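The shown structure was predicted, so the numbers you read here are calculated from the model rather than taken from an experiment. Letters A, B, ... are given to chains in the order of the sequence lines, protein chains preceding strands, and every chain is numbered from 1. As a basis for the values below, the full set of heavy atoms in this structure was taken, side chains included, without hydrogen atoms, waters or symmetry mates.
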Amino acid sequence: MSQSADLNIDHVAHLARLALTPEEKATFAQQLGDVLHHIEQLETVDVTGVEPTAHAAPVFNVWADDVVQAGLPVELALKNAPSQRDHMVVVPKVVE
Amino acid sequence: MSSEFFFQSITQLAAALEGKTLSSIELTRAVVARTKAVEGRVHAFNSVDEPDALAQAAESDARRAAGQARGPLDGIPIGLKDVIAVAGQPLTASSKMLANFVSPYDATVTAKLKNAGAVLWGRLNCDEFAMGSSTENSAFGPTHNPWDLTRVPGGSSGGSAAALAAGEVLAALGSDTGGSIRQPAALCGVVGLKPTYGLVSRYGLIAFASSLDQIGPFARTVEDAAIVLGAIAGHDERDSTSFKTEIPDYRAELKKRTGPWRLGIPKEYFADGLDPEIGAAVEQAIAFYKKLGCEIKEVSLPHTRYCLDTYYVIATAEASSNLARYDGIRYGHRSKNATDIVDLYFQSRAEGFGAEVKRRIILGTYVLSSGYYDAYYLRAQKVRTLIRNDFLAAFREVDALITPTSPMPAFKIGEKADPLALYLCDIYTIGVNLAGLPGINVPCGFTKSGLPIGAQIIGQPFRESELLAVAQAYEQAHDWKTKMPSL
């Protein structure tokens with residue numbers, strides 16, 4: 001995992017849709033470099049033949065009956081929308 | 001009865017309410033007055049709603065008068081960490097992102113507490129999106145430790161722990177992803193329980209790392225924690241990882257389970273970096289169990305040294321995915337400085353999130369990104385299996401494990417500026433989350449300078465009754481819980 005040196009913060013911030021200031025980029029690159037350096041010791045663990053654990057709950061394939069249930073009323077669902085009109089969320093124009 | 005209702009246990013107060021020597025209105029007024037008296041110094045709450053709390057208390061008294069009281073929590077003021085939804089109340093996750101958000105519905109635990117008759121009092125401060133170990137990452141300012149106001153209460157559920165220690169609530173709910181209930185409980189000298197993953201529904205909990213998050217109680221006594229746990233536990237269709245299991249009467253079970261137990265001491269948890277006063281206090285707790293007739297056995301959890309790294313890969317990966325929903329569109333902060341829709345995402349997130357949240361989103365996005373997924377995320381999930389297997393192997397020999405909860409007592413606000421130094425606060429608690437086990441903090445003394453010390457007891461999956469009984473055996477033989485901070 002010696003790749004941590006190439007943590008390309010611009011690329012990752014773009015993937016995360018997060019605008020960072022030049023100061024944030026410099027600070028995070030240094031701090032996360034330290035953290036990634038620490039994380040590199042995972043490389044020394046022998047995981048041959050080990051199954052990954054996604055979560056520790058002993059439940060698998062949970063099914064729900066296919067029945068219509070009442071959801072949130074529109075007014076409540078839109079209550080926290082930054083901008084709304086006619087039961088819709090208003091966003092900047094996305095098509096010309 | 002003492003005028004200081006706010007320092008009593010739920011068990012004591014429930015008896016007074018039942019005996020009608022106390023009303024919920026009187027109790028709630030006392031808690032409200034106490035909050036007003038100390039909150040300026042502690043800052044445990046993000047918001048309170050006094051008329052709402054008093055209305056709930058009046059309803060509780062009316063139920064009781066009509067002979068319809070609902071059990072030991074009816075009329076008891078309980079606080080909720082500000083990541084748990086209460087319909088019609090603010091829900092901020094201590095973030096600018098959700099500064100104006102109002103919950104459209106109740107979390108399952110909220111509905112259950114309401115059904116039990118509890119008086120829901122206030123939204124408790126925490127690290128932003130529950131990311132941190134000191135409550136300094138709150139967008140609304142840090143919470144102060146009631147035992148020493150210049151120090152942190154721990155985190156991320158620092159407001160829950162501090163409010164309880166300061167007498168501003170009689171119990172509280174927190175959430176624990178890597179120690180966020182147990183560590184602040186240790187630093188504030190109260191009981192804090194993280195249940196087995198899957199025992200308590202996460203529906204209505206703001207997601208941080210979904211495979212690790214679990215809601216649990218803070219309480220003055222183990223018995224109080226058992227009462228609150230009994231009220232919130234149980235299968236919920238709306239959380240697909242919640243487990244179908246019978247919920248025992250935890251309080252009644254406490255009386256039936258008297259030990260002795262086989263207790264394991266994981267040697268890796270007493271290594272370098274442990275504060276000597278904490279080490280000595282936990283050793284004394286172990287000596288107590290030995291005197292009680294318990295078999296004490298040294299065990300090894302060989303992958304302990306990889307817990308921190310495994311956690312910070314998995315937790316940040318899940319966080320980066322969970323927090324992708326905050327895009328400024330349907331709810332939450334929306335930037336006024338964006339040039340188009342894509343820029344709206346970038347700017348809203350930049351303006352809405354604090355530094356630690358941004359750091360974790362970046363780290364999580366990185367470990368999931370193309371070319372790094374196998375090396376970091378998949379590998380961490382495999383190491384997680386080894387960590388869980390360590391615990392399960394130890395539990396073939398012992399009933400529970402005893403460790404320190406935190407390697408250090410409460411530290412000064414502002415003392416740990418380096419993220420990695422702060423991450424090390426969780427070294428004894430995160431293994432429990434990775435393995436999905438229940439863990440409890442039990443107060444076990446004070447440092448020479450008067451700061452609380454906690455021991456962590458780790459139990460087997462879905463065997464909270466046993467875990468609580470082990471904890472109570474120690475608690476009842478010591479009087480740490482009678483000591484309160486002077487504010």
Side-chain angles (χ1 to χ4, degrees), chain A residues 1 3-4 7-9 11-21 24 27-29 31-32 34-59 61-65 72-73 75-83 89 91-94, chain B residues 100-102 104-105 197-198 210-211 237 240-241 243 303 305-306 308-310 312-313 320 327-332 334 338 340-342 344-347 349-350 353 355 358-359 361-363 365-366 369 372 375-376 378-386 388 418-420 423 434-436 461:
Chain A
M1 281 182 232
Q3 309 100 313
S4 66
L7 166 64
N8 181 337
I9 201 133
H11 174 63
V12 177
H14 178 78
L15 290 176
R17 302 294 184 270
L18 194 55
L20 298 179
T21 63
E24 282 176 324
T27 313
F28 291 176
Q31 290 168 332
L32 293 177
D34 292 349
V35 173
L36 285 166
H37 179 67
H38 202 276
I39 287 172
E40 273 171 21
Q41 66 159 336
L42 286 181
E43 212 179 23
T44 63
V45 188
D46 182 4
V47 293
T48 318
V50 178
E51 289 291 318
T53 294
H55 63 72
V59 288
N61 294 339
V62 179
W63 301 93
D65 293 333
L72 274 185
E75 288 73 20
L76 269 183
L78 284 174
K79 202 168 139 192
N80 289 288
S83 178
V89 176
V91 297
K93 199 171 178 183
V94 288
Chain B
N100 300 310
F101 188 87
V102 175
Y105 60 85
Y197 184 77
S210 303
S211 82
E237 279 182 358
S240 62
T241 57
F243 190 61
H303 295 91
R305 57 184 296 229
Y306 304 111
L308 191 72
D309 299 320
T310 304
Y312 275 96
V313 172
S320 72
D327 55 8
I329 301 297
R330 293 152 299 150
Y331 49 78
R334 179 181 286 192
D340 57 32
I341 184 105
V342 176
L344 183 71
Y345 307 147
F346 279 90
Q347 300 304 332
R349 291 162 66 76
F353 291 137
K358 288 177 184 171
R359 251 192 306 273
I361 289 174
I362 294 289
L363 183 58
T365 305
Y366 175 68
S369 65
Y372 301 97
Y376 288 109
L378 190 61
R379 175 166 280 265
Q381 285 194 313
K382 289 178 179 174
V383 180
R384 182 177 185 179
T385 304
L386 298 172
R388 180 168 157 84
D418 171 38
L420 194 54
Y423 295 172
L434 290 166

Could you report the tightest heavy-atom contact between A:Val45 and B:Arg379, atom names first, then the distance? O-NH1, 2.9 Å
Identify which part of A:His11 has an atom lying under 4.5 Å from any heavy atom of chain B, answering side chain, backbone, both or neither. neither
Passes side-chain contact (heavy atoms from CB on, under 4.5 Å), B:Gln381 versus B:Leu378? Steps please. CA-CA 5 Å; B:Gln381 285 194 313; B:Leu378 190 61; 4.0 Å; yes
Does any backbone or side-chain atom of A:Leu72 lie under 4.5 Å from a heavy atom of chain B? Answer side chain, backbone, both or neither. side chain
For the residue pair B:Tyr366 and B:Tyr372, does the interplanar ring angle fall in the parallel (under 30°), tilted (30 to 60°) or perpendicular (over 60°) class? tilted
For B:Arg359 and B:Pro419 the tightest heavy-atom approach is NE-CG, 3.6 Å
Atom CZ of B:Arg384 and atom CG of B:Leu386: how far apart are they, to the nearest 0.5 Å? 12.5 Å
Hits for salt bridge (Lys or Arg N to Asp or Glu O under 4.0 Å) against B:Arg330, two or more places apart or cross-chain, chain-then-number order -> B:Asp327
Count the heavy-atom pairs under 4.5 Å between each of A:Ser83, A:Ala54, A:Ala64, A:Ala77 and chain B, then report the option with the highest count. A:Ala54
As an exercise: rank B:Val102, B:Val383, B:Ile361 by heavy-atom pairs under 4.5 Å with chain A and give me the winner. B:Val102
Non-hydrogen atoms of chain A under 4.5 Å away: do they reach the side chain of B:Arg388, the backbone, both or neither? side chain
Engaged part of B:Tyr105 at the chain A interface, taking heavy atoms whose separation is under 4.5 Å: side chain
Could you give me the CA-CA distance, side-chain angles and deciding distance for B:Ile329 and B:Tyr345, then say whether side-chain contact (heavy atoms from CB on, under 4.5 Å) is met? CA-CA 8 Å; B:Ile329 301 297; B:Tyr345 307 147; 3.8 Å; yes
Please flag which part of A:Val89 lies under 4.5 Å from any non-hydrogen atom of chain B: side chain, backbone, both or neither. side chain
What is the minimum heavy-atom distance between B:Leu308 and B:Tyr423, and which atoms define it? CD1-O, 3.3 Å
Answer with side chain, backbone, both or neither: which region of B:Leu344 has an atom nearer than 4.5 Å to a non-hydrogen atom of chain A? side chain
Among the listed options A:Val62, A:Val12, A:Leu20, the residue most often paired with chain B at heavy-atom distances under 4.5 Å: A:Val12
A:Gln31 versus chain B, the contacting section by heavy-atom distance below 4.5 Å: side chain
Tell me, with the steps shown, if B:Arg334 and A:Val91 meet side-chain contact (heavy atoms from CB on, under 4.5 Å). CA-CA 10 Å; B:Arg334 179 181 286 192; A:Val91 297; 4.0 Å; yes
Please rank A:Ala81, A:Pro73, A:Ala16, A:Pro82 by heavy-atom pairs under 4.5 Å with chain B and give me the top one. A:Pro82
Chain A shares the most heavy-atom pairs under 4.5 Å, among B:His303, B:Arg305, B:Lys358, with B:Lys358
Which atoms of A:Glu24 are under 4.5 Å from chain B, going by heavy atoms: the side chain, the backbone, both sets, or neither? side chain
Salt bridge (Lys or Arg N to Asp or Glu O under 4.0 Å) involving A:Arg17 - partner list, sequence neighbours excluded: none
Counting only heavy atoms closer than 4.5 Å, note whether B:Ser240 contacts chain A via side chain, backbone, both or neither. both
Less than 4.5 Å to any heavy atom of chain A: does that hold for the side chain of B:Ser210, its backbone, both, or neither? neither
Look at atom CD of B:Glu237 and say whether more than 12 heavy atoms of other residues, nucleotides or ligands are closer to it than 6.0 Å. no
Assert top hit (heavy-atom pairs under 4.5 Å, partner chain A, pool B:Leu363, B:Ile362, B:Leu420) equals B:Ile362
Who among B:Ala380, B:Ala435, B:Pro104, B:Ala338 has the most heavy-atom pairs with chain A under 4.5 Å? B:Pro104
Which atoms of A:Leu32 approach chain B - backbone, side chain, both or neither, heavy atom under 4.5 Å: side chain
